[in-house]
Every structure is written in C-alpha cells, then in structure tokens.
Amino acid sequence: MTLEEIHGQQPMPAGHDWMQGAGTALHELLVSAQRRGCLTAGVYESAKLMNVDPDNVAFCVLAADQEDEGDIALQIHFTLIQAFCCENDIDIVRVNDVAKLAAIVGPSEDSGEPRDLHCILITNPDEEGWKDPALEKLNLFCEESRNVNDWVPTITLPE
C-alpha cells in the first residue's frame with residue numbers, strides 16, 4: 001500500500017504531457033502578465049511587494065540554474081519566500097532554467113539591462129474580472145502537486 005492509497009490521493013500523472021502543459025501555461029501567463037503590467041521581477045522587489053500588498057499577489061515563480069544551487073543567500077531567500085507564499089495561499093512553482101525565463105520576460109523595460117529573474121510575482125491587475133486561463137491551469141497544477149506532497153513543483157518551460 002502506498003502513501004497515496006492510505007490518504008486516498010491519486011499520484012500525479014506520470015506522463016510528460018502534464019508537465020509540458022504546465023510549462024506552456026506558465027509561458028502564456030508570463031507573457032500575458034507582462035503585457036498587462038502585472039509582473040514583478042527580482043528577489044528584493046518581490047519581497048517588498050509581498051510585504052506591502054500580499055493579497056494582490058496571484059502567483060510566484062522561483063528560478064535557479066545549476067550554478068545558483070550553491071548560492072546559500074539565494075536559497076535562504078527562496079525558503080523565506082516559499083514560507084510566505086504557503087502562509088498566504090499563494091501558488092508557487094520552481095523553474096530550473098533562468099535563460100528560458102529571460103527569453104520570455106526579456107530585459108528591464110526601464111533600463112534595458114538584464115534583470116534579476118530568480119523570483120517573479122504575478123499580481124492581480126486593476127481591471128475587474130480578469131481571469132487568465134493559464135493562471136487557472138497553473139493553480140490546478142499546484143493543487144494537484146500539493147495532493148501528492150509536492151509543495152513547490154518544478155516546471156520545465158517549453159523550447
């Protein structure tokens with residue numbers, strides 16, 4: 001008997017399609033949020049926003065490459081952000097390819113400089129009734145992941 005059987009939970013689908021669907025949804029959400037001005041990038045900028053207005057945060061993405069795994073300060077920030085997101089019912093995922101994120105999000109609009117993409121927040125826009133189907137897919141993906149005790153699932157972005 002497995003842990004999932006004991007708790008009456010179904011394991012995550014093992015197929016590649018489920019993960020690929022989540023990656024595509026994340027790509028769509030990032031593009032849509034940036035177009036609407038609902039994207040905050042950077043560990044410090046995200047922490048400031050979460051401190052001031054946590055109810056406005058709809059989704060969180062943490063990104064780290066292999067070389068970032070040894071950065072203890074970054075890992076501490078990630079732990080604190082994850083705890084904050086869990087406490088405030090904010091869905092959160094990890095991405096292991098900062099370069100793909102940079103290709104989607106691009107440089108800072110203000111200065112044109114590359115920006116810190118280790119943490120990205122998607123906030124609720126000012127317009128009422130904005131429902132992004134990609135956000136809904138990702139919320140469902142996160143809920144399913146939590147059902148199998150994967151509290152911060154890792155998503156692979158599409159090529």
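Numbers here are sequence positions counted from 1.
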Mind checking whether [X] and [Y] have side chains closer than 4.5 Å, heavy atoms only?
{"X": "Asn96", "Y": "Thr156", "result": "no"}
{"X": "Ile120", "Y": "Thr40", "result": "no"}
{"X": "Leu62", "Y": "His118", "result": "no"}
{"X": "Val93", "Y": "Cys142", "result": "yes"}
{"X": "Asn139", "Y": "Phe59", "result": "yes"}
{"X": "Thr123", "Y": "Asp53", "result": "no"}
{"X": "Cys119", "Y": "Cys60", "result": "yes"}
{"X": "Val31", "Y": "Val105", "result": "no"}

Any side-chain to backbone donor/acceptor pair from [X] onto [Y]? Under 3.5 Å, distance only.
{"X": "Asn88", "Y": "Ile90", "answer": "no"}
{"X": "Asp71", "Y": "Leu74", "answer": "yes"}
{"X": "Ser32", "Y": "Glu28", "answer": "no"}

Within this structure, what is the [atom1]-[atom2] distance for the pair [X] and [Y], rounded to the nearest 0.5 Å?
{"X": "Leu117", "Y": "Asp97", "atom1": "CG", "atom2": "CG", "result": "11.0 Å"}
{"X": "Ile81", "Y": "His77", "atom1": "CD1", "atom2": "NE2", "result": "7.5 Å"}
{"X": "Cys38", "Y": "Leu121", "atom1": "SG", "atom2": "CG", "result": "11.5 Å"}
{"X": "Gln82", "Y": "Leu80", "atom1": "CD", "atom2": "CG", "result": "9.5 Å"}
{"X": "Leu157", "Y": "Leu30", "atom1": "CG", "atom2": "CG", "result": "7.0 Å"}
{"X": "Phe84", "Y": "Asn51", "atom1": "CZ", "atom2": "CG", "result": "7.0 Å"}

Verdict with reasoning, Glu45 to Arg115, per side chain to side chain contact (heavy atoms under 4.5 Å, CB included): CA-CA 11 Å; Glu45 292 81 0; Arg115 51 183 161 176; over 6 Å; no
Indicate if [X] and [Y] have the same hydrophobic cluster label, given that clusters are the connected sets of ILVMFWY residues with side-chain heavy-atom separations under 4.5 angstrom.
{"X": "Leu39", "Y": "Leu138", "result": "yes"}
{"X": "Leu101", "Y": "Val57", "result": "no"}
{"X": "Val152", "Y": "Leu29", "result": "no"}
{"X": "Phe78", "Y": "Val98", "result": "no"}

Salt bridge Lys100-Glu159, side-chain N to carboxylate O under 4.0 Å: yes
Salt-bridge contact Arg36-Asp132 (side-chain N to carboxylate O under 4.0 Å): no
For Gln34 against Ile104, the heavy-atom pair lying closest together: OE1-O, 3.9 Å
Which atom of Pro153 lies closest to which atom of Ile92, heavy atoms considered: CD-O, 3.6 Å
Residues Asp116, Val43; criterion side chain to side chain contact (heavy atoms under 4.5 Å, CB included); working and verdict: CA-CA 7 Å; Asp116 173 16; Val43 172; 3.7 Å; yes
Exceeds 12 heavy-atom contacts within 6.0 angstrom, atom CD of Glu67: yes
